[in-house]
Amino acid sequence: MLHFGDNNNPNQNDKLFKIKLAINHLRTCFKNSLEPFQNICIDESLMLFKGRLAFKQFIPSKRHRFGVKLFILCDCETSYILDFIIYTGSSTEITQFPEVGISGSIVLTLLEKYLNNGHSLYVDNWYTSPSLFSILHEKKTNACGTVKINRKHMPPLKEKLERGQHVCYAARNILATKWLDKREVRMLSTIHTDEMIVCGKTLQGEDKRKPLCILNYNENMGAIDKTDMLLSSTESVRKTIRWYKKVFFHLLDLSILNAHVIYKMKTGENIPLLQFQIKLIKEIVEKYQKFRPRASNSKNIGQDAPMRLVARHFPSHVEKNEKKNKLMAKRCVVCRKHKIRKETTYKCTQCNVPLCILKCFEKYHTQKKY
């Protein structure tokens with residue numbers, strides 16, 4: 001019974017119509033809840049899904065390999081997710097910029113709110129191009145990323161280098177760098193100069209030096225991989241063949257992850273994500289609970305339940321035997337658990353379980369293992 005759209009009026013042109021309302025709401029909330037720091041990054045994330053789906057992707061380099069692909073904009077310092085786009089093939093909702101292609105259009109769509117603010121963007125070689133970086137620089141946004149050699153307007157970078165050497169080309173505000181380590185690394189940047197930095201390692205007895213652009217790229221590009229790592233151990237796993245339910249629970253996980261980031265920023269408390277989730281669940285249950293009394297003949301009387309520990313409880317007398325005109329004494333659930341046969345004429349009104357009024361009533365409502 002979990003639905004997010006009107007199935008009687010489907011939009012055949014929108015592959016995400018079943019969950020569109022939830023996606024739009026969360027994207028708006030993510031954007032309005034935090035102003036990012038200077039460094040931001042864009043990368044892909046893959047949500048595991050192996051069922052039938054027209055826009056399911058296969059990415060061998062990802063941990064799950066099969067699933068729904070998301071393009072994510074992330075703050076590098078806090079790992080806060082600022083925005084996301086779910087990839088649906090040719091119908092993906094992005095603003096088209098023909099001069100930079102599909103990858104550049106995704107970048108400009110995600111950055112729409114953050115242009116002209118002096119941010120520094122880090123991307124991998126699927127997005128990087130001289131045309132895109134020129135447009136971003138005109139909009140007061142710096143960029144840095146690895147680049148493919150066959151990109152349009154790229155310098156040749158065909159020099160043969162020895163390990164540790166580098167070569168640079170510059171044109172207006174863009175720097176192209178080629179550096180040889182174990183393999184060739186090509187970078188494009190509108191942020192850096194050709195400065196080389198000692199990285200703390202040694203090469204043939206000498207201090208190893210790296211281009212500054214590569215050091216900064218390695219420091220800032222791991223934010224989205226970090227979010228995937230955190231979610232892998234605390235995700236709300238639900239086995240379902242309905243793709244939109246799987247997407248919804250994944251977006252719920254992203255929301256909790258963002259809430260965790262803001263909580264740490266506001267309180268200064270470095271609480272683990274799992275502990276934050278448990279604390280959040282308890283507070284939600286306490287605030288929005290709808291208590292349903294137990295049946296008096298229930299077999300589960302006395303078992304652990306969140307309401308037993310968090311709700312408000314008041315004692316009252318058990319039911320009265322009308323024929324004998326006296327209260328019907330019943331066995332206390334706490335005493336029974338400890339194999340003590342003791343009857344009582346009191347019970348908890350909310351839990352509908354018989355309890356001794358002095359010690360057992362308090363123990364039942366304050367101790368998880370009474």
Side-chain angles (χ1 to χ4, degrees), residues 20-45 70-86 93-95 97 100 103-124 127-128 132-145 173 189-192 212-213 215-231 234 250-273 276-277 279-280 283:
K20 196 66 174 181
L21 290 174
I23 291 172
N24 291 341
H25 175 72
L26 289 176
R27 288 186 66 184
T28 302
C29 290
F30 287 3
K31 293 176 188 176
N32 296 335
S33 297
L34 180 74
E35 285 295 324
F37 292 87
Q38 181 178 7
N39 296 333
I40 53 180
C41 65
I42 293 176
D43 202 358
E44 302 95 17
S45 178
L70 295 88
F71 299 104
I72 294 181
L73 174 65
C74 191
D75 177 57
C76 296
E77 183 164 335
T78 62
S79 297
Y80 180 90
I81 296 171
L82 299 163
D83 199 1
F84 62 90
I85 295 174
I86 297 179
E93 287 192 7
I94 56 174
T95 306
F97 296 89
V100 292
S103 60
S105 298
I106 290 171
V107 171
L108 293 173
T109 301
L110 288 171
L111 287 179
E112 184 178 2
K113 182 183 176 182
Y114 306 102
L115 296 172
N116 299 304
N117 287 329
H119 289 295
S120 296
L121 174 70
Y122 290 86
V123 290
D124 62 25
Y127 308 93
T128 305
L132 174 63
F133 280 22
S134 296
I135 293 174
L136 291 174
H137 192 270
E138 291 173 2
K139 296 183 181 294
K140 299 180 183 178
T141 303
N142 292 319
C144 175
N173 299 305
S189 176
T190 59
I191 308 171
H192 304 92
L212 179 60
C213 58
L215 281 173
N216 289 347
Y217 176 85
N218 291 338
E219 291 171 357
N220 291 289
M221 267 304 288
I224 295 173
D225 291 333
K226 181 183 175 182
T227 62
D228 289 341
M229 178 193 69
L230 289 171
L231 290 180
T234 60
H250 183 70
L251 297 181
L252 192 64
D253 287 332
L254 297 184
S255 303
I256 294 173
L257 192 64
N258 279 352
H260 179 235
V261 170
I262 295 176
Y263 177 84
K264 291 194 295 183
M265 292 177 64
K266 289 290 185 180
T267 63
E269 183 181 356
N270 191 18
I271 180 174
L273 178 59
F276 174 79
Q277 278 185 316
K279 187 175 181 181
L280 179 64
E283 291 184 4

Considering non-hydrogen atoms only, spot the tightest contact between [X] and [Y] and give its length.
| X | Y | value |
| --- | --- | --- |
| Lys226 | Ser79 | CD-OG, 3.5 Å |
| Met221 | Tyr122 | SD-O, 3.4 Å |
| Cys41 | Asn220 | SG-O, 3.8 Å |
| Leu26 | Ser255 | CD2-OG, 3.4 Å |
| Asp75 | Thr78 | OD2-OG1, 2.6 Å |
| Lys140 | Asn116 | CB-CA, 3.8 Å |

So, taking the atom named [atom1] in [X] and the one named [atom2] in [Y], what distance separates them when rounded to the nearest 0.5 Å?
| X | Y | atom1 | atom2 | value |
| --- | --- | --- | --- | --- |
| Cys74 | Asp83 | SG | CG | 11.5 Å |
| Leu82 | His119 | CG | NE2 | 8.0 Å |
| Leu108 | Ile42 | CG | CD1 | 8.5 Å |
| Ile94 | Ser103 | CD1 | OG | 9.0 Å |
| Asp225 | Glu44 | CG | CD | 10.0 Å |
| Leu70 | Ile85 | CG | CD1 | 10.0 Å |

> How are the rings of Phe276 and His260 set to each other: parallel, tilted or perpendicular (split at 30° and 60°)?
Replying inline: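 It falls in the tilted class, 30° to 60°.
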
> Which of parallel (below 30°), tilted (30 to 60°) and perpendicular (above 60°) describes Tyr127 and Phe71?
Replying inline: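 Aromatic pair Tyr127/Phe71 classed perpendicular.
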
Looking at [X] and [Y], would you say the former's side chain and the latter's main chain have a donor-acceptor pair under 3.5 Å?
| X | Y | result |
| --- | --- | --- |
| Ser120 | Asn39 | no |
| Lys31 | Lys113 | no |
| His137 | Asn142 | no |
| Asn258 | Ile81 | yes |
| Thr109 | Thr95 | yes |

How about [X] and [Y]: do any of their side-chain heavy atoms sit closer than 4.5 Å?
| X | Y | answer |
| --- | --- | --- |
| Leu73 | Leu111 | yes |
| Ile23 | Phe84 | yes |
| Thr28 | Asn32 | yes |
| Asp124 | Tyr217 | yes |
| Ser45 | Thr227 | no |

> So Phe97 and Leu132, side chain to side chain contact (heavy atoms under 4.5 Å, CB included) or not? Walk me through it.
Replying inline: CA-CA 10 Å; Phe97 296 89; Leu132 174 63; over 6 Å; no

> Can you list the steps and then say if Leu136 with Leu115 is a side chain to side chain contact (heavy atoms under 4.5 Å, CB included)?
Replying inline: CA-CA 8 Å; Leu136 291 174; Leu115 296 172; 3.9 Å; yes

>> side chain to side chain contact (heavy atoms under 4.5 Å, CB included) for Leu254 and Phe30? Distances and angles first, verdict last.
In response: CA-CA 10 Å; Leu254 297 184; Phe30 287 3; 4.3 Å; yes

> Could you go step by step and tell me if Ile106 and Leu110 meet the side chain to side chain contact (heavy atoms under 4.5 Å, CB included) rule?
Replying inline: CA-CA 6 Å; Ile106 290 171; Leu110 288 171; 4.1 Å; yes

>> Taking CD in Glu269 as the centre, count heavy atoms belonging to other residues, nucleotides or ligands within less than 6.0 Å. Is the count above 12?
In response: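 Yes, the 6.0 Å shell around CD holds more than 12 heavy atoms from other groups.
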
